[in-house]
Structure formats: structure tokens, C-alpha cells
Protein chains: 2
Amino acid sequence: MNTGFETYLRNNSHLTDDEIAQIAGASTTRSLSRNESLLQEGQVCRHKTYVISGLLRIYGLVADGSEHILQFAPEAHWTLDAESYDQQTPSRFNIAAIERSEVIVWSKPVFDRLLADIPALRALSQQLIARSNHGSRQRLFTALSATPEEKYEEFVRTHADLQNRLPLHMIAAYLGISLKTLTRIRHAQIRR
Amino acid sequence: MNTGFETYLRNNSHLTDDEIAQIAGASTTRSLSRNESLLQEGQVCRHKTYVISGLLRIYGLVADGSEHILQFAPEAHWTLDAESYDQQTPSRFNIAAIERSEVIVWSKPVFDRLLADIPALRALSQQLIARSNHGSRQRLFTALSATPEEKYEEFVRTHADLQNRLPLHMIAAYLGISLKTLTRIRHAQIRR
DNA sequence: GGCAAACGTGGTCATTTGACCATAATTCCC
DNA sequence: GGGAATTATGGTCAAATGACCACGTTTGCC
């Protein structure tokens with residue numbers, strides 16, 4: 001079986017075919033229907049996850065019930081609440097499917113074992129953490145410094161592929177602006 | 001010589017005294033006067049840095065010349081533009097001293113050598129990256145979801161020690177709000 | 001295929017926020 | 001110690017934003 005995951009590893013790591021087979025062999029597949037939850041606030045994230053197809057979101061809720069999205073995870077993304085997973089502590093965030101999705105997962109003991117056995121997997125993990133770090137930081141800077149319009153423009157620039165798979169209210173929740181403001185921005189841009 | 005750095009390593013890692021001596025021995029000390037720059041946008045971050053004393057800030061500039069602060073780095077913090085350092089690419093951010101500060105630095109080749117030789121230092125590095133990750137993410141969530149007042153309250157809660165070492169306009173630049181708004185919030189709180 | 005839910009847009013209004021300006025107090029540095 | 005720069009606060013005003021509401025359309029799903 002080739003889930004696309006093997007292809008991903010072949011193209012994005014120095015793993016040998018044997019190692020790839022070993023990693024894939026230790027994984028379990030899980031299907032998520034639209035809106036199905038993968039992790040809820042307060043639960044401990046017990047699995048490392050890779051998205052084969054579909055689209056997930058990682059988000060937090062605030063007092064008034066509205067949600068704010070930290071990250072989208074489309075196919076070929078590793079998604080996890082890193083803090084909850086690493087430390088096995090209750091998560092502050094939620095993960096749920098936006099579209100029908102397929103993910104593969106490893107329980108933490110299993111994945112730890114793989115990490116211990118396979119140096120190239122450690123290297124890949126570190127690379128992913130570093131990338132995530134840079135992503136968060138860049139996003140933080142944008143959140144601090146950009147106007148709503150600039151935020152939207154950056155989103156379109158960096159997530160062109162996701163733009164038509166997401167309802168506008170989720171884009172707004174991702175940008176930290178209201179749906180109304182987003183609508184206004186788009187309206188203004190059409191006029192131009 | 002004991003700079004406090006050795007003590008830090010003794011308390012926060014599994015490094016042996018020999019290893020600690022090796023790491024400290026490979027470092028260079030640098031003093032920064034108030035407002036002195038350590039790294040400017042566009043430069044490549046060529047050194048790993050540890051703050052012995054004082055206080056630095058990592059910030060970015062926007063078109064109108066205003067600055068937005070990503071992070072404060074007081075004594076006992078490792079500070080660096082991780083992306084620029086890791087990939088040796090031009091930095092998008094600036095680092096400068098807020099107070100007169102002392103830092104110790106290692107050039108990247110030297111520190112890479114230490115990392116290769118000392119497993120416990122790799123472990124520490126990974127821990128620091130993970131922590132930084134979680135910090136950025138938490139901060140991003142706050143930036144997206146909190147009101148200015150909530151942001152300030154969280155800042156006071158999490159940075160009580162820095163509060164009276166920082167001018168208000170820098171706190172505002174950190175929170176992503178205007179100085180005016182910050183003044184208003186503080187005024188309202190006094191009245192309560 | 002059809003019904004219910006989700007979605008996108010629009011209008012209005014109150015509130016918040018930031019821009020600009022001035023001023024007093026404080027702090028820094030030579 | 002003293003002069004200059006930085007800092008904190010305040011006032012006013014315009015603009016941006018969000019809250020609330022309604023309505024028509026689209027979409028998902030049984």
C-alpha cells in the first residue's frame with residue numbers, strides 16, 4: 001500500500017525504504033468525517049498524527065464561545081498539539097476536521113520507539129519543529145503588526161490552495177478579525 | 001570564573017561539570033550598552049547567545065517605522081533569531097539591548113561542534129526549541145483572541161518581574177496595542 | 001430530491017482604537 | 001549637577017471595527 005505518506009517521506013527525508021516501511025507499518029489509519037473532532041480541549045494528545053488527505057484545524061475557544069484558529073493542517077501536514085503531546089498534559093486547544101479526512105497516527109510509545117531506532121526520523125522531527133517555530137513566529141508578527149487587510153492579503157498569498165476550501169468565517173477566525181471585517185475587505189478589493 | 005551561566009546549566013540540564021566547563025570555555029563575553037544593537041534586520045545571525053544579565057528585545061519594524069516586539073530576553077534566556085541562525089539566512093528581525101547587558105556568544109561552527117560532541121547539550125537545545133514553540137503559540141492565541149485589556153492582564157501575570165524594567169511604549173509594542181490604549185487600560189484599573 | 005443547516009452579504013449603530021498634539025515629569029548621560 | 005532626551009498622561013477627533021439583525025443563497029446530508 002502506498003498512502004502518499006511513503007512518497008512524502010521519500011521526498012522529504014533521508015529515510016531508507018526499509019525505515020519508511022517500518023514507520024508506515026507501525027501506523028494506524030483513521031478516517032474523520034466532516035466536523036469530527038480529533039482532540040478536545042482538556043484531553044491529552046496521545047498520538048502523533050500525519051494528514052493523508054482532507055483538512056484539519058487546530059483552534060481554541062474563548063469565553064463567548066467563538067473560536068480562534070491557530071493553524072490549518074491540509075494533506076501532507078503533521079498535526080498535533082505539540083505541547084500536549086510532548087508533555088502528555090491536557091491540551092488547551094482542539095483539533096477537528098473541516099473536510100472528510102484521512103490521517104495516520106502512532107501512539108506516543110510507538111513513535112518514541114521509532115525515534116529511538118531511526119536517526120533520520122529524529123532529523124526530520126527536528127526539522128518539522130524548527131519549521132513550526134518559524135511559522136508561529138512569523139504569524140505572531142503579522143498578528144501584532146498588520147492591519148486586517150494586510151493579514152488577509154498575506155493569507156491569500158501564503159494559502160492560495162486553501163482559500164476555496166474554507167468558509168469565510170474560518171478564515172476570519174484564523175486572522176483574528178470578524179467575519180464582517182473580512183467581508184468588507186473582500187468587497188473593497190473587488191471594487192478595485 | 002562563574003558567570004551564573006554555569007549555575008544555570010547545572011540546574012537546567014544533565015551536563016557534567018566537565019562538559020559545562022567545555023561549553024563555557026568555548027564562549028566569548030560581550031557587553032552591550034543601553035540601546036545597543038546585537039542584530040539588525042537583513043543581517044545573518046551568526047552566533048548562539050545566552051543572556052547573563054540585563055534585558056534584550058527581539059523586534060520587527062513595519063513600514064511606518066514603528067516597532068513590534070516578539071520577545072523579551074532577560075537574564076538566563078537564550079536569545080537568537082532561530083530561523084536566521086539555523087539557516088544562516090538574513091534575519092527579518094532586530095535584537096537590541098534595553099538595559100546595559102552582558103551576553104555570552106558562540107559562533108555557529110563552535111556551537112555546532114559542541115552539539116556534536118555533547119548529547120546532553122543537544123537534549124537541552126531541543127527542550128529550549130520546544131519551549132519556544134509553545135511560547136510562540138500561546139502568544140499567538142492571545143494575540144488573536146484577547147482584548148487589549150486581557151492582553152495586558154496576561155502580561156502582568158506572566159512578566160511581573162519585567163513590568164518595572166520596561167517603558168510602557170515597549171509593553172504596548174509587545175502587546176500589539178497603542179500606547180494610548182495601554183494608558184487607558186491602566187487608568188481604568190487604578191480607578192477600580 | 002428535498003429539507004434543514006450553514007453560509008455570505010448587507011444595513012445600522014455604538015464603541016473602541018489609534019492618530020495627532022501638547023505638556024509635565026522623569027530619566028539618562030556627559 | 002544640569003541640560004536634553006525620553007517617558008507618561010491627557011484631550012480631541014476621525015476612522016475602523018464588532019455586535020446585532022435580517023435575508024437570500026448555497027451546501028450538506030438523509
Could you state the atom-to-atom distance from [atom1] of [X] to [atom2] of [N] in whole Å?
| X | N | atom1 | atom2 | answer |
| --- | --- | --- | --- | --- |
| B:R165 | C:dT27 | CZ | P | 16 Å |
| B:I98 | C:dC28 | CD1 | P | 13 Å |
| A:L175 | D:dG18 | CG | C1' | 15 Å |
| A:E99 | D:dC29 | CD | P | 11 Å |
| B:I185 | D:dT9 | CD1 | P | 12 Å |
| A:I177 | D:dA19 | CD1 | P | 12 Å |
| A:R186 | C:dG8 | CZ | P | 8 Å |
| B:Q163 | D:dA8 | CD | P | 12 Å |

Any side-chain donor-acceptor pair under 3.5 Å between [X] and [Y]?
| X | Y | value |
| --- | --- | --- |
| A:E154 | A:T142 | yes |
| B:N133 | A:S132 | yes |
| B:D64 | B:S66 | yes |

Next item on the list: Using the ring of A:Y174 (Phe, Tyr or Trp, six-membered ring only), decide whether A:R139 places NZ or CZ under 6.0 Å from its centre and within 45 degrees of its axis.
Entry: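 Here A:R139 passes the 6.0 Å and 45° test against A:Y174.
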Checklist line | Any B:H187 side-chain N or O less than 4.0 Å from OP1/OP2 of D:dG10 | finding: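 Affirmative; the distance criterion is met.
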Notebook entry, point to check: Has the side chain of A:K180 got a donor or acceptor that lies under 3.5 Å from a partner of the other kind on the base of C:dG11?
Noted result: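 It does, because a donor-acceptor pair links the side chain of A:K180 to the base of C:dG11 below 3.5 Å.
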Next item on the list: Please evaluate the base of D:dG18 for a donor-acceptor partner in the side chain of A:R184 within a cut-off of under 3.5 Å?
Entry: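 Answer is yes: a donor-acceptor pair is held.
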Check: So, B:R100 side chain and B:S33 main chain: donor-acceptor pair closer than 3.5 Å or not?
Finding: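 Side chain of B:R100 to backbone of B:S33: no pair is present.
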Item checked: Proximity to the side chain of A:R34 - top-ranked nucleotide from D:dT6, D:dC29, D:dG18 ->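 Nearest nucleotide to the side chain: D:dC29.
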Item checked: Side chain of B:T183 - closest among C:dG10, D:dG10, C:dC7 ->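 Output: D:dG10.
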Next item on the list: Check every strand shown and say whether A:L179 touches a base, only sugar-phosphate, or nothing at a heavy-atom separation below 4.0 Å.
Entry: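 Touches a base.
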Next item on the list: Find which nucleotide of DNA chain D each of A:D64 and B:P167 is nearest to by heavy atoms, and output the residue with the more 5' nucleotide.
Entry: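 On the 5' side of the pair lies B:P167.
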Note to self: Need to verify one output field. Residue with the more 5' nearest nucleotide on DNA chain D, A:N35 or B:M170?
What the structure shows: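 Whichever sits nearer the 5' end wins; that is B:M170.
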Check: Between B:R100 and A:L166, which has a closest nucleotide on DNA chain C that is more 5'?
Finding: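 Taking each residue's closest nucleotide, the earlier one in sequence belongs to A:L166.
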